[in-house]
Structure formats: structure tokens, C-alpha cells
Amino acid sequence: MTAHSRFALALWVAALLSSQITLAQTVSIRGFITDAADGEGLVGVNVILESLNGDLRGGSTNSDGIYNLTRIVPATYILRVSYVGYTSWSDTLIFRSGQRLTLNIELTAGGAELGEITVEAATETGAARVTAGLQTITPKDMDLLPTPDVSGDLASYLTTLPGVVSLGDRGGQYFIRGGEPSHNMTLIDGMYVYQPYHILGFYSAFPSDIIQQADIHTAGYGAPFTGRISSVIDIRSRNGNKRDYGGTVSLSPFVSAGQFEGPLIRDRLSLIGSVRQSLVEPLAQQYVSQDMPYTFGDGFAKMHGILSANSQLSVSALHTRDRGRIGLESEDRILEEVGWTNTAIGLRYVVLPRALPFIAEILLSYSRMETDQGPADDPVRWARIEGFQYAAKMTSFYERTQWKWGLYWRAPQVTAHLGGLFQDLEEGFSRRHKAGVYLEPDFYIAGGLKARVTLLAELFPGQEQRGPYEARFRVIWQRGEHEVSTGAGWYHQEIFGLHDRRDATNLFTSWRSAPIEELSQAFHTLAGYRVSPAAWLEVSAEVYYKRLKDLFISEWTSFPRFTSRLQRADGEAAGLELRAEVRRRRMYGYVNYGLASVEYTSRQPSALLWFGAENLTFRPPHDRRHQLNLVLATRVRDFDISARWNFGSGRPFNHVYGFDGFVMMDGVQDMFSVEDDQRVIYGRPFRGILPTYHRLDVSVERDFVVGNVGLTAQVGAINLYNRRNLFALDIFTTQYNWQLPIVPTLGMKATFN
């Protein structure tokens with residue numbers, strides 16, 4: 001047995017032993033806390049166990065609505081449950097030695113209201129509530145933003161974060177704290193989604209109507225997130241109403257949508273489904289002074305069942321499709337189409353074993369993405385990534401510690417046909433099996449101090465090269481309204497997306513497997529401070545640094561075409577993010593600012609002929625130094641008004657000095673008739689700076705009730721003062737690609753109960 005295998009086995013044995021450390025003299029209580037109206041699990045519910053002499057033990061529910069209190073001395077206690085917007089619940093319980101009680105609780109809506117502008121009040125959410133790189137958002141956060149749709153969307157919210165850079169309102173490309181889009185992991189109900197954003201940048205595959213909450217990890221994330229070196233977006237969908245039928249239908253010039261939910265078996269099994277289809281070409285393009293050849297759509301469905309008092313099972317499925325053209329046509333150039341689809345299906349089983357003090361979660365899923373460039377019926381190039389994933393996660397609870405441990409197996413398969421001139425890979429296929437095990441204890445130390453340590457080992461079956469070890473940690477100190485957090489970790493990535501960043505109008509991305517001995521790697525470190533000087537105000541600051549190693553980027557060539565030839569690069573990303581959030585009765589708003597720096601150094605021998613040096617140091621095109629976002633929501637009479645203004649400093653781009661023709665001199669050629677290949681004469685990489693970007697979006701909504709139907713009407717405008725923002729400089733034609741001009745929006749949504 002190798003040293004690596006022994007280390008992995010030791011981690012697994014330690015995890016198993018941790019689950020057995022129980023005391024027969026103590027007792028425990030756990031269960032699910034749900035909304036009495038629809039059976040949905042409630043996140044962040046406060047659970048307090050009070051002894052007769054006044055001693056307190058407490059906790060809160062997780063994303064499944066599960067609470068767990070352990071190592072309780074047998075006695076008589078009062079169990080109190082409270083949640084903002086719900087009537088409090090309490091009961092007197094008598095615990096006997098060795099008892100493990102499962103008690104499920106339903107809460108009824110009522111109690112104190114937050115005010116007219118309602119935002120999520122659970123302690124884990126908020127625009128300024130960032131802890132060690134983690135921010136949790138809810139559908140209410142998304143719905144506050146003005147978008148060209150009556151419902152909110154995760155994509156629109158992401159663009160308000162100071163560490164997220166988007167290249168424009170088209171393309172579906174998001175860069176988080178210095179990383180590439182393929183360095184981001186996106187999950188919904190444990191299913192991988194490789195390209196979750198639509199070709200029109202206001203939309204993702206995740207409308208707010210289907211989301212329960214989304215955890216955004218921009219750095220320093222722990223187990224079980226492995227295989228990405230930049231960020232993780234972990235989404236949990238709603239379970240659907242188990243007691244009543246309901247749904248929504250909405251229509252706007254950009255997208256139409258329908259959503260349905262209800263019980264299949266009352267109180268036991270529910271179904272929720274959502275379908276959206278773009279109307280950009282038939283409707284929006286008719287009044288926007290710009291061609292918008294984009295079509296997209298998505299569908300989501302989930303069945304959730306309660307198998308017993310201590311176990312639940314869900315099955316989720318997702319499908320998306322996108323197709324369009326980005327760029328400018330000219331007399332000698334017709335734009336090629338680009339398209340992609342995502343398909344994912346997954347099973348999730350959660351159980352509270354009666355005999356053991358832990359929560360078990362089993363995940364099994366299949367994901368697939370296909371992308372192509374060129375006509376849909378005869379693409380020039382195409383690529384596909386697909387595979388199964390399996391994970392078993394355990395969480396054990398003790399008085400002062402919480403242990404997470406688990407194992408996983410993944411087998412992504414990559415297939416590609418990359419046509420074009422001078423490609424070193426016409427067709428390719430690879431499958432990369434990966435198995436791993438992790439152990440992650442949380443220690444609750446006295447004085448408001450908490451610490452987490454992550455140990456992880458991986459194996460690549462069938463490969464001689466052993467997999468990597470990884471270690472991560474984070475420390476949080478809370479005292480009153482103050483919180484200080486810090487974290488660090490090592491990360492790796494065995495697959496990557498190949499994209500030509502010389503041309504921002506090229507959206508085709510091909511996934512490929514990295515050599516085992518040369519995996520892309522990253523080291524993260526960060527520190528943050530958060531304070532609530534008043535009940536209505538929260539302020540936070542976070543600094544971060546990422547060191548990136550062995551990135552794979554397209555080779556720098558004179559041909560302005562997608563190339564599968566690779567060059568290696570290292571990078572550094574650092575930044576400061578400041579946030580402030582205000583919650584008043586009739587007004588809600590936040591402001592954030594991001595200062596960032598990203599720098600790559602590539603190694604390419606042929607660059608010596610171009611620029612006189614093999615090593616090139618440059619700012620990549622997603623290095624936006626300054627970002628500022630302002631969001632304001634208020635109510636005037638019966639109208640909900642929201643506005644968002646964002647500013648971004650200019651991003652780097654390539655200077656193009658000219659063009660020439662290239663002819664392979666294979667024998668005697670007639671230079672007056674032979675066809676040549678056009679080449680671009682570049683300056684040094686990304687030395688130009690595009691103009692600054694800023695835009696104001698506004699919306700006004702009002703709710704009506706007609707019989708049993710609730711109606712929401714929305715009017716607004718995207719880019720209200722018609723700022724002429726640059727999307728990209730087309731390197732083929734040296735012409736400008738402009739982002740959307742002022743776009744009036746109008747929408748109507750009907751809710752059926």
C-alpha cells in the first residue's frame with residue numbers, strides 16, 4: 001500500500017471513529033422544522049433548549065431545515081423555537097438516559113413583521129454579511145433588483161457582487177476574484193452545471209422562483225468542494241408545496257415563464273416545475289435599436305418525498321439551451337453561430353439514523369454539456385463533457401465540535417472535434433476517474449471563537465501519478481456586533497475550459513482534461529471584518545489573495561481563430577472588497593466597492609519571435625481594477641421601486657496594428673490567384689484599456705388581486721440614461737461591439753393559489 005493510500009485510509013478510519021464517539025449517559029434531539037403552510041424546510045430557525053435552572057443550549061437549522069442538539073444531560077427542559085415572521089413554538093420535554101429523540105416541528109406564519117420593504121432576516125444572509133468568503137443569498141435578495149423580467153434571477157444578482165466581473169450583457173461569462181469561468185463550480189441540488197448562464201447576461205438557469213437559497217463561495221471554501229480553483233456557487237432548490245396547488249405565469253418582451261407546484265401525495269410527496277423561453281428575437285428586438293439574434297430557454301423539475309419521520313428523498317432534473325451570434329458582420333465575414341445545452345439529473349437522500357448522532361446525505365447525479373460553433377446542422381467544431389458523480393456526506397454533532405466527513409467519486413468524460421487551421425487536436429476523447437475522501441471538523445471554542453480544518457486526499461484510478469493532498473482552514477471570532485474571519489487553502493483542478501481570450505466575441509469553450517502530473521493549482525488566503533453598529537446597518541470588509549499555478553490558456557498566434565494549442569501560465573489575484581447594507585422600514589439598500597488586480601505570466605517559446613521574450617506578463621481581459629454597485633429599494637404608496645447603478649473601470653484588450661496574408665509555399669504558387677490565410681499583427685498582450693462602464697437600471701412594480709389570482713405588473717428600463725458602453729473591439733474588423741442601449745421593460749406575472 002502506498003503512502004498516499006495509507007493517508008486516505010487513515011482519514012476514512014478517523015472519520016468513522018468520530019461518528020462513534022458517543023456517551024450512553026447523554027441524550028440527543030433532532031428533527032426537521034418546516035413551514036406549516038407548504039411543508040418547506042425553514043433555514044436558520046433558532047432552536048434553544050433551556051434547563052429548569054436557566055442553562056441554555058442552542059443551534060439553528062441547516063438548508064434542509066434540520067436541527068440537532070446532542071450530549072444533553074438527562075433532565076427536564078423547555079424547547080423553544082423561533083423564526084422571524086413565524087409564531088414561536090415551545091414545549092416541555094423530559095429526557096431519559098440514552099434517549100435519541102426525533103421531533104419534527106411545524107411553524108405557522110405570523111408574529112413580528114420586518115416592515116414594508118421585506119428582506120431575509122436570518123442571520124446568515126445579507127448583502128454585507130460575508131464570512132470567510134461565503135455569502136448566502138435568497139430569492140428575496142434577487143427579486144429586489146431591476147431586471148427585464150418580473151421574477152429575479154441569480155445572474156443579475158451575481159453582477160452586483162464586487163468580486164464578480166462580467167464581460168458584458170451577452171455571452172454568459174463570469175469571472176470571480178481573478179479566475180476563469182471554467183474555474184467556477186456551479187451546483188444545484190448537488191448536480192454539476194457546466195455552463196449555467198444564458199447567452200443574454202440577465203439570465204441564468206436559476207430563476208428565483210425555484211431557489212431556496214444559494215451559497216456563493218468566492219475564496220477559501222472547504223470540503224466537499226474539490227476540482228475547481230476559483231469559486232463555488234452551491235444552490236439548493238425549493239421542495240414544492242405538499243399541501244396546496246399553485247403556480248405562476250409571466251410574460252415580458254424578453255422571456256415568458258411558467259411555474260407549477262403542488263402535492264402528488266398530500267403531506268408526503270410534492271412536485272415543482274419551471275419552464276422559460278426567450279422572446280428576444282420575436283418581441284424585444286422589434287423595439288431595441290440593435291440586432292439581438294439570441295434564443296434560450298430552460299426547464300427544471302423536482303420531486304421531493306418524505307419517506308419517514310427521519311428521512312427524505314428528492315429527484316431533480318435540469319435542461320438548458322442557448323444559441324446566438326455575437327459580434328459584427330462585414331462584407332467578407334459572416335458570423336458563426338454558437339450554442340450550448342446543459343442536461344443534469346440527480347438524486348439526493350437525507351437521513352437521520354435513529355441509532356447514531358449524525359446526518360447522512362447521499363448524492364448521485366449525471367451531468368452533460370454540449371457546445372458547438374457554426375451552423376446548428378453542420379458545426380465547424382463541437383465539444384462535449386459528461387459524467388456521473390457520487391458522494392456520501394456525514395455530519396456528526398457534539399457539544400463543542402461538529403465533524404463532517406465523506407467520500408466521493410467522479411468520472412467526467414470529455415469529447416471534442418476542433419476543426420480549423422493549424423490545430424494540434426482535431427478530435428479527442430478522455431475520461432478522468434477521481435475518488436476522494438475528506439475530514440472536516442468544526443471546533444466551537446470559548447469566547448465566540450470557531451475554527452474549521454479540512455484534510456482531503458484524492459486518487460486517480462488507472463493513473464500512475466497519485467492524486468493531490470489538500471488542506472484548508474478558517475477561523476471566525478464573534479463578539480457582540482463584531483466578527484473577524486480568516487481562511488486559507490490549497491486547491492487543484494483536473495479539467496479546464498479552453499477559450500480564446502484574444503477575442504471577446506468568441507464564446508466557444510471546449511473542456512479538456514489536464515495532465516495528471518500538471519494539474520492547475522491555486523492557493524487562497526483571505527481575512528475579513530464585519531460589524532453591525534446599529535440594528536439597521538451592517539458594514540463589512542474583506543481582503544483576499546490567490547496564487548494560481550499551471551493554468552492552461554490558448555497559445556498566442558497570429559491567426560485570429562480559436563486554437564487548441566496551449567501554453568502554460570501562472571497568475572496572481574488580489575483585492576479589497578467593502579460593503580455596507582441599510583435595512584429601514586420603508587427603505588432597503590446597499591453599496592459595495594471592489595478593488596482588484598489580476599496578473600498572468602505565460603511561458604511560450606514562440607513569443608520570442610513576436611515580442612523578444614518567452615515569458616509574457618500581462619493583465620488578462622477580466623482584470624477590472626475598480627467596481628462600484630449601488631442598490632436601492634423602497635415603497636411609495638402601493639408601488640415597489642428599485643434601482644441599481646453599477647460602475648466598472650476599463651478592462652484590458654489587444655491592440656491590433658494591422659493584418660497580412662500567409663501562404664504556405666509548397667512548390668511554385670501564383671501569388672495573384674492563390675488564397676491566403678489572414679493573420680493579425682498584435683501588440684503586446686492586453687496593453688490597451690477599454691473605456692469605463694456604467695449603467696442605471698430601474699423598475700416599478702405593483703401587486704393586484706383579482707379574485708383568487710394575484711397579479712404583479714412591472715415597468716422599468718435597462719440603461720436608463722442610454723450610456724454607450726463598449727462590449728468588445730472585434731479583432732477581425734477593428735469595429736466596436738456595443739452593449740445594449742436603453743431598453744424599456746414591461747412585464748406581467750399572475751400567481752395562482
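Counting from 1, the numbers follow the sequence of the chain as shown.
When only modelled atom types and interatomic distance are considered, Thr226 and Glu458 share a side-chain donor-acceptor pair under 3.5 Å. In this structure, a donor-acceptor pair under 3.5 Å is present between the side chains of Thr320 and Asn342. The closest side-chain donor-acceptor pair between Arg410 and Tyr192 falls under 3.5 angstrom.
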Evaluate side-chain contact (heavy atoms from CB on, under 4.5 Å) for Leu407 paired with Trp409, printing each intermediate quantity in order. CA-CA 7 Å; Leu407 54 84; Trp409 170 78; over 6 Å; no
Any chance you could lay out the side-chain contact (heavy atoms from CB on, under 4.5 Å) test for Leu551 and His183, step after step, and finish with the verdict? CA-CA 10 Å; Leu551 305 179; His183 297 159; 3.8 Å; yes
After noting the C-alpha distance and the side-chain angles of Met191 and Ser316, does the key distance pass the side-chain contact (heavy atoms from CB on, under 4.5 Å) rule? CA-CA 8 Å; Met191 304 182 300; Ser316 304; 3.8 Å; yes
Go through it in stages, so that I can follow the logic: the residues are Asn239 and Ser270, the test is side-chain hydrogen bond (donor to acceptor under 3.5 Å, both in side chains), and I'd like the CA-CA distance, side-chain angles, deciding distance and then a yes or no. CA-CA 7 Å; Asn239 291 332; Ser270 65; over 6 Å; no
Verify side-chain contact (heavy atoms from CB on, under 4.5 Å) between Asn68 and Phe358, making sure each step is shown before the conclusion. CA-CA 8 Å; Asn68 195 325; Phe358 63 75; over 6 Å; no
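Qualifying ring pair (Phe, Tyr, Trp, His ring centres under 6.0 Å) partners for Phe388, counting only residues two or more places apart in sequence or in other chains: Tyr366. With sequence neighbours left out, Ser513 forms a side chain to side chain donor-acceptor pair (under 3.5 Å) with Ser430. Qualifying side chain to side chain contact (heavy atoms under 4.5 Å, CB included) partners for Phe752, counting only residues two or more places apart in sequence or in other chains: Val249, Val709, Ala750. For Trp511, the ring pair (Phe, Tyr, Trp, His ring centres under 6.0 Å) partners at least two apart in sequence or on another chain are Tyr194. Legend: residues meeting side chain to side chain contact (heavy atoms under 4.5 Å, CB included) with Ala219, ordered by chain and number and at least two apart, are Arg177, His524, Leu526, Lys546. Residues that satisfy the ring pair (Phe, Tyr, Trp, His ring centres under 6.0 Å) test with Tyr67, not counting sequence neighbours, are absent from this structure. Taking Phe552 as the reference, Phe496 meet the ring pair (Phe, Tyr, Trp, His ring centres under 6.0 Å) condition, with sequence neighbours excluded. For Thr295, the side chain to side chain contact (heavy atoms under 4.5 Å, CB included) partners at least two apart in sequence or on another chain are Gln277, Ser278, Glu281, Arg323. The side chain to side chain contact (heavy atoms under 4.5 Å, CB included) test applied to Ala155 returns Asp153, Tyr174, Tyr197, Ser204, not counting sequence neighbours. Take Glu386 and apply the salt bridge (charged side-chain N to carboxylate O under 4.0 Å, His left out) test, not counting sequence neighbours, and it matches Arg368, Arg384.
A tilted orientation is assigned to the rings of Tyr83 and Tyr86, their planes being inclined by 30° to 60°. Ring orientation note: the planes of His492 and Phe460 are nearly perpendicular, at an angle over 60° on the 30°/60° scale.
The closest side-chain heavy-atom distance from Leu347 to Leu313 is below 4.5 Å. Within the 4.5 Å cutoff, the side chain of Phe260 has no heavy atoms near those of the Val275 side chain. Ile233 has its side chain out of reach of Phe206: every pair of non-hydrogen atoms, C-beta onward, lies at least 4.5 Å apart. In this structure, Val43 and Gln213 have side chains that are in contact, with non-hydrogen atoms separated by less than 4.5 Å. Two residues are said to be in side-chain contact when any heavy atoms from C-beta on lie closer than 4.5 Å; Leu158 and Ile216 meet this criterion. Side chains of Pro224 and Lys393 form a contact here, defined as non-hydrogen atoms less than 4.5 Å apart. At least one side-chain heavy atom of Lys434 sits under 4.5 Å from a side-chain heavy atom of Tyr408. Taking the side chain as every heavy atom from C-beta outward, Arg129 and Thr136 never approach each other to under 4.5 Å.
A distance-only check finds a donor-acceptor pair linking the side chain of Gln389 to the backbone of Gly387 [under 3.5 Å]. Counting only distance, with no hydrogens or angles, the side chain of Asn310 and the backbone of Leu352 share a donor-acceptor pair below 3.5 Å. Using modelled atom types, one side-chain atom of Asp141 and one backbone atom of Thr138 make a donor-acceptor pair closer than 3.5 Å. Under the 3.5 Å distance criterion, the side-chain polar atoms of Asp189 are matched with a main-chain donor or acceptor of Ser237. Using a distance-only test at 3.5 Å, with no hydrogens or angles considered, no donor-acceptor pair links the side chain of Arg100 to the main chain of Ser28. Under the 3.5 Å distance criterion, the side-chain polar atoms of Tyr294 are left unmatched by any main-chain donor or acceptor of His198. Checking side-chain atoms of Ser156 against main-chain N and O of Phe202 turns up a donor-acceptor pair under 3.5 Å. The backbone N or O of Leu134 lies less than 3.5 Å from no partner atom in the side chain of Thr131, so there is not a single donor-acceptor pair. His217 places no side-chain N or O within donor-acceptor distance of the main-chain N or O of Gly133, the cut-off being under 3.5 Å. In this structure, Asn104 contributes its side chain and Ala309 its backbone to a donor-acceptor pair below 3.5 Å.
Residue pairs meeting the salt bridge (charged side-chain N to carboxylate O under 4.0 Å, His left out) criterion with at least one member in residues 198-219, sequence neighbours excluded: Asp209-Lys749. Applying the salt bridge (charged side-chain N to carboxylate O under 4.0 Å, His left out) test to pairs two or more places apart or on separate chains, those with a residue in residues 236-250 are Asp64-Arg236, Glu106-Arg243, Arg238-Glu261, Arg243-Asp267.
Rounding to the nearest 0.5 Å places CD1 of Ile229 at 8.0 Å from OG of Ser182. The CG atom of Asp442 sits 10.0 Å away from atom CH2 of Trp403, with the distance rounded to the nearest 0.5 Å. The structure places CD of Gln521 at 9.0 Å from CD of Glu470, a figure rounded to the nearest 0.5 Å. Atom OH of residue Tyr349 and atom CG of residue Leu364 lie 14.5 Å apart, to the nearest 0.5 angstrom. For the atom pair CG (Leu548) and OG (Ser520), the distance works out to 9.0 Å, reported to the nearest 0.5 Å. Taken from CZ in Phe254 to CG in Asp149, the straight-line distance is 10.0 Å, to the nearest 0.5 Å.
When each of His319, Arg321, Glu370, Met369 is paired with Thr343, the side-chain contact (heavy atoms from CB on, under 4.5 Å) condition holds for His319 and for no other.
When ring centroids are compared, Tyr491 and Tyr221 come within the 6.0 Å threshold.
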